[in-house]
There are 2 protein chains.
Amino acid sequence: MFSEIDRHISRCTPVSDEELQIFNSRLKHMSVKKKTMLLRQGEVCRFEAYIVKGCVKKYYIDQNGDQVILQFAVEDWWISDIGSFSEQRPSNLFIETLEDTELLTVDFESKEKLFREIPKLERAFRIMVQRAYSVLESRFYATVSHSAESRYQEFLKRYPSLPQRVPQQQIASYLGITPESLSRIKTQMLKKK
Amino acid sequence: MFSEIDRHISRCTPVSDEELQIFNSRLKHMSVKKKTMLLRQGEVCRFEAYIVKGCVKKYYIDQNGDQVILQFAVEDWWISDIGSFSEQRPSNLFIETLEDTELLTVDFESKEKLFREIPKLERAFRIMVQRAYSVLESRFYATVSHSAESRYQEFLKRYPSLPQRVPQQQIASYLGITPESLSRIKTQMLKKK
DNA sequence: GCTGACTCTTGATGCAGGATAAGAAAATTA
DNA sequence: TAATTTTCTTATCCTGCATCAAGAGTCAGC
């Protein structure tokens with residue numbers, strides 16, 4: 001019963017076993033195939049999803065029609081368009097699975113209801129967003145002021161499993177460079193060693 | 001009594017007058033001179049500050065010793081290092097006033113205490129962080145995929161008062177370019193018109 | 001196991017914005 | 001008001017990454 005997601009919540013703030021049980025009972029378990037679209041531009045994001053198993057990307061389409069990947073999410077991460085979900089307004093983003101994926105999702109009404117019943121869960125989620133914010137902030141300044149090569153090395157350190165799971169062009173998109181540039185960066189890094 | 005900050009909170013979730021009064025009573029009012037350091041790298045961030053009047057920047061020092069500005073904050077904004085404040089761990093950032101500034105601040109203990117007394121305030125702050133997160137996310141993808149010129153135009157739209165209040169080199173730093181480039185961009189934009 | 005579709009590499013060329021430098025203009029301070 | 005500092009502009013040259021193009025490797029479906 002007390003699964004990874006419970007540990008994930010408890011890492012934010014202590015929550016009793018009964019409360020966790022209520023929380024768990026409101027989650028919807030989903031198994032979806034690779035390349036499933038969980039959210040499309042123009043739709044309102046109806047879920048916050050915790051990834052039990054698998055891999056997901058969040059991206060938007062830029063003015064040239066190219067994907068720009070904002071986030072990868074793997075096991076023990078949450079994925080959602082927070083802006084669209086929490087204001088229940090149309091999203092600019094796409095969320096799509098990269099592997100067969102198992103998810104636990106909450107919808108907007110359940111989440112609101114849960115927070116009213118169990119204020120400690122609201123605390124846990126507040127703390128989770130704060131942490132996500134500070135991670136995004138760090139990533140933001142890494143992107144602004146580091147070279148493509150050092151961003152790639154940072155990426156490898158932080159997400160060691162992803163290069164085996166995700167096509168390289170998508171990693172390039174995440175890093176904000178072209179696949180060609182990433183390829184060259186890799187050969188340069190090999191030469192240095 | 002019911003000031004801008006109360007309206008700011010109420011825009012997130014309804015909070016009763018008495019609750020707002022308690023909230024207000026826990027805030028500390030500060031008036032500080034231009035060029036005051038509110039937070040230095042290595043210190044734990046002891047405050048979340050709401051700006052009543054004035055202007056503040058948040059930045060870090062990169063490997064070359066240059067300032068990289070992550071955020072400006074003016075009237076009716078909050079400023080803090082959320083990561084450092086909420087985990088009470090040392091910050092990598094500096095926060096410094098750009099004008100004589102009036103602030104309302106909460107410290108960590110007061111905020112925790114407030115949330116336990118008034119769960120609705122925890123809700124309000126959760127919603128505030130969510131909004132901040134989604135703003136940062138938009139800014140992040142604007143930075144990754146737009147040219148320096150369009151980022152500057154975006155900046156002008158969003159923060160029309162800042163060019164009059166803040167030296168241009170600092171705006172350049174915020175945009176992730178050199179002051180020279182911003183100067184060139186401005187002359188090019190004039191030519192086009 | 002062949003075929004077509006992705007995916008990765010490598011090369012040639014171009015361009016946005018960086019680095020450096022030096023002078024003009026504006027803001028502070030005396 | 002003059003002196004000093006800070007900020008902004010302009011010019012030249014340079015670099016990191018993009019773009020375009022072509023070939024090689026890898027994977028998926030028939």
Side-chain angles (χ1 to χ4, degrees), chain A residues 33-36 55 57 59 61-69 72 96-100 141-156 162-193, chain B residues 33-36 55 57 59 61-69 72 96-100 141-156 162-193:
Chain A
K33 285 260 148 224
K34 189 171 170 168
K35 295 195 182 175
T36 305
C55 183
K57 66 178 169 181
Y59 61 94
I61 305 288
D62 69 13
Q63 55 271 43
N64 308 319
D66 296 329
Q67 282 186 19
V68 179
I69 296 182
F72 292 113
E96 185 183 340
T97 54
L98 290 165
E99 301 175 351
D100 295 352
Y141 55 78
T143 302
V144 168
S145 74
H146 292 19
S147 69
E149 178 172 338
S150 66
R151 273 179 277 150
Y152 180 56
Q153 286 175 328
E154 205 47 47
F155 175 84
L156 291 178
L162 279 182
Q164 286 90 57
R165 302 171 73 172
V166 170
Q168 189 169 308
Q169 39 172 261
Q170 312 222 358
I171 294 172
S173 162
Y174 176 89
L175 295 172
I177 57 178
T178 60
E180 292 93 329
S181 293
L182 181 53
S183 177
R184 269 181 277 247
I185 284 167
K186 282 174 68 182
T187 59
Q188 279 173 341
M189 281 168 58
L190 282 175
K191 275 184 207 154
K192 283 184 195 166
K193 287 222 163 172
Chain B
K33 284 259 147 222
K34 189 173 173 170
K35 296 196 181 173
T36 304
C55 182
K57 67 179 169 179
Y59 61 94
I61 304 289
D62 71 12
Q63 53 271 44
N64 308 319
D66 296 329
Q67 282 187 21
V68 180
I69 295 180
F72 291 113
E96 186 182 339
T97 54
L98 290 164
E99 301 174 350
D100 295 352
Y141 56 78
T143 302
V144 168
S145 74
H146 291 19
S147 69
E149 178 171 337
S150 65
R151 272 179 278 148
Y152 179 56
Q153 284 175 330
E154 204 47 47
F155 175 85
L156 290 179
L162 278 183
Q164 285 89 55
R165 301 171 71 173
V166 170
Q168 189 169 305
Q169 40 171 266
Q170 313 223 357
I171 294 173
S173 163
Y174 176 90
L175 294 171
I177 57 177
T178 58
E180 293 90 336
S181 293
L182 181 53
S183 177
R184 267 179 296 210
I185 284 166
K186 283 174 67 182
T187 59
Q188 279 172 343
M189 281 168 57
L190 281 176
K191 275 183 208 154
K192 281 183 196 165
K193 285 223 163 170

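If you're wondering where the values come from, they're calculated on a predicted model, not measured in any experiment. The sequence lines fix the lettering, A, B, ..., with proteins before strands; numbering per chain opens at 1.
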Participant: Could you work out which one of C:dG17, D:dA18, C:dT9 sits closest to the side chain of B:Arg151?
Facilitator: C:dG17
Participant: Provide, to the nearest angstrom, the distance between the CG atom belonging to B:Leu98 and the C1' atom belonging to D:dT7.
Facilitator: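 Atom CG in B:Leu98 sits about 14 Å away from atom C1' in D:dT7.
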Participant: Please pick, from C:dT28, D:dT10, D:dT7, the nucleotide with the shortest atom-to-atom distance to any side-chain atom of B:Thr187.
Facilitator: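 Nearest to the side chain of B:Thr187 among the choices is D:dT10.
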Participant: For the CD1 atom of B:Ile185 and the CG atom of B:Leu190, what is their distance to the nearest 0.5 Å?
Facilitator: 12.5 Å
Participant: Send over the distance from B:Gln164 CD to D:dC8 P, rounded to a whole Å.
Facilitator: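 Computing the B:Gln164:CD to D:dC8:P distance gives 13 Å.
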Participant: Side chain of B:Ala148: nearest nucleotide among C:dT9, C:dG17, D:dA18?
Facilitator: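 The answer is C:dG17, which lies nearest to the side chain.
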Participant: Please state how far atom NZ in B:Lys186 lies from atom P in D:dT7, giving the value in whole angstrom units.
Facilitator: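 In whole Å, D:dT7 P lies 14 Å from B:Lys186 NZ.
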Participant: Check this one for me: any side-chain N or O of B:Lys34 less than 4.0 Å away from OP1 or OP2 of C:dT28?
Facilitator: yes
Participant: What's the closest nucleotide to the side chain of A:Ser181 if the choices are D:dC8, C:dG17, D:dC17?
Facilitator: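 When the side chain of A:Ser181 is considered, D:dC17 is the closest of D:dC8, C:dG17, D:dC17.
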Participant: Would you call A:Lys33-A:Asp100 a salt bridge at under 4.0 Å N-O?
Facilitator: yes
Participant: Closest approach to the side chain of B:Gln169, judged atom by atom: which nucleotide of D:dT7, C:dA19, C:dT10 is it?
Facilitator: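 Per side-chain heavy atoms of B:Gln169, the pick is D:dT7.
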Participant: Rounded to whole angstroms, how far apart are NZ on B:Lys35 and P on D:dT5?
Facilitator: 13 Å
Participant: Could you give the CG-to-P distance, from B:Asp66 to C:dA19, as a whole number of Å?
Facilitator: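 Going from CG in B:Asp66 over to P in C:dA19 covers 8 Å.
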Participant: Measure the distance from CD on A:Gln188 to C1' on C:dG11 and round it to the nearest whole Å.
Facilitator: 14 Å
Participant: So which nucleotide from D:dC17, C:dT9, C:dT20 ends up closest to the side chain of B:Glu180?
Facilitator: C:dT20
Participant: Out of the candidates B:Lys35, B:Lys57, B:Arg165, only one should pair with B:Leu98 under the side-chain contact (heavy atoms from CB on, under 4.5 Å) rule; please name it.
Facilitator: B:Lys57
Participant: Which whole-number value in Å describes the distance from B:Glu149 CD to C:dG17 C1'?
Facilitator: 13 Å
Participant: Would you check, one step at a time, whether the test side-chain hydrogen bond (donor to acceptor under 3.5 Å, both in side chains) holds for B:Glu96 with B:Tyr59?
Facilitator: CA-CA 8 Å; B:Glu96 186 182 339; B:Tyr59 61 94; 2.7 Å; yes
Participant: Can you identify which nucleotide, out of C:dT9, D:dT19, D:dT9, has its nearest atom closest to the B:Gln168 side chain?
Facilitator: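 Nearest to the side chain of B:Gln168 among the choices is D:dT9.
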Participant: Check whether any side-chain N or O of B:Thr36 sits under 3.5 Å from a backbone N or O of B:Thr97 as a donor-acceptor pair, and report yes or no.
Facilitator: no
Participant: Could you check how far CE of A:Met189 sits from P of C:dT9, rounded to whole Å?
Facilitator: 12 Å
Participant: Ignoring backbone atoms, establish whether B:Ser183 has a side-chain N or O less than 4.0 Å from OP1 or OP2 of D:dT9.
Facilitator: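 For D:dT9, OP1/OP2 do have a side-chain N/O of B:Ser183 under 4.0 Å.
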Participant: Starting the side chain at C-beta, find the nucleotide from C:dG18, D:dC17, C:dT28 nearest to A:Ser147.
Facilitator: D:dC17
Participant: If you only use heavy atoms from C-beta on, which nucleotide in D:dC17, D:dT10, C:dG18 is closest to the side chain of B:Arg184?
Facilitator: C:dG18
Participant: Is A:Thr178 near enough to D:dC17 that one of its side-chain N or O atoms lies under 4.0 angstrom from OP1 or OP2?
Facilitator: no
